[in-house]
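Single-structure report; data block below.
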Amino acid sequence: MRVAVLSDVHANLHALEAVLAEIDAGGFDELWCLGDVVGYGPHPNECAALVRERATVCLAGNHDLVVLGKIPMTAFADDAGAAALWTQRILDDDSRTFLDGLEPLATRPGAELFHGSPRDPVWDYVLSEDVARQSFAATTEPLVLVGHSHVALQLSSEGVGLRGGTADAGTQLDLGGPRRLLNPGSVGQPRDGDPRAAWLELDTEAKIDNGKGRATFRRTAYPVELTQAEIRRQALPEVLAERLAHGV
Ligand code: ZN
């Protein structure tokens, strides 16, 4: 089985369409989305419709929950708050109904999925060794998938040891060995210095050496300047356009 794992689309339609084009060409069986379909970007309704149509499973992220009013807007800093207010105003009924049905965690065979982390699926960032250890301790499946930080990450748990770090484009991992915690990075607002849309390919049949199953970190170029122009046209905060060029 081949699975495309996406996270943090953030209403960036051009990034999502570019990634979906690669998925369509690649013969994938399932698409898993780890949340934050909306927030920050200029096309929340179009992105919600595409994810609803395509995803086998989709989680709720903190931005989705704020836009729905399930988390108070005061949880957000200025730029995120301004974008969330704008998103609330233009979100249509279909998008609202779709997002309202999502949870911040889910399971698939062999995998546990969280928007944030296993200890707090909505808000927690897996960016420290401490949180990574607690995330492995709180789960049992071979594969743990998280989003939320917008940084592509691969960690493995071997006995008491923890290995890994950020995951560049093309990084490949054997899924048959130690337990893994992977973050695909963000489709719509990467923050690891590579402005291309980030996502993750899982292939349960492929082998690295004698292993069983392979994960590949993917990056897809998209027309950043089109999303930037749309952000400016909607008078969303300028920093949300600017950062896309640098992947920060
Ligand atoms: Zn996010």
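Order of listing sets the numbers, starting from 1, for every ligand and every atom in it.
The side-chain heavy atoms of T216 and D203, taken from C-beta on, include no pair separated by under 4.5 Å.
The atom of H150 nearest to the Zn ion (ligand 1) is NE2, with the search restricted to N, O or S atoms. Nearest N/O/S atom of D8 with respect to the Zn ion (ligand 1) is recorded as OD1. Counting just the N/O/S atoms of D36, the one with the shortest distance to the Zn ion (ligand 1) is named OD2.
Here the two rings, on W199 and F28, have centers that are under 6.0 Å apart.
Because the distance cut-off is set at 2.8 Å, H10 qualifies as a neighbour of the Zn ion (ligand 1) through one of its N, O or S atoms.
H63 contributes no side-chain N or O that, together with a main-chain N or O of V37, makes up a donor-acceptor pair within less than 3.5 Å.
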(request) Could you give me the CA-CA distance, side-chain angles and deciding distance for R219 and D192, then say whether salt bridge (Lys or Arg N to Asp or Glu O under 4.0 Å) is met? (result) CA-CA 12 Å; R219 299 305 277 244; D192 53 8; 2.9 Å; yes
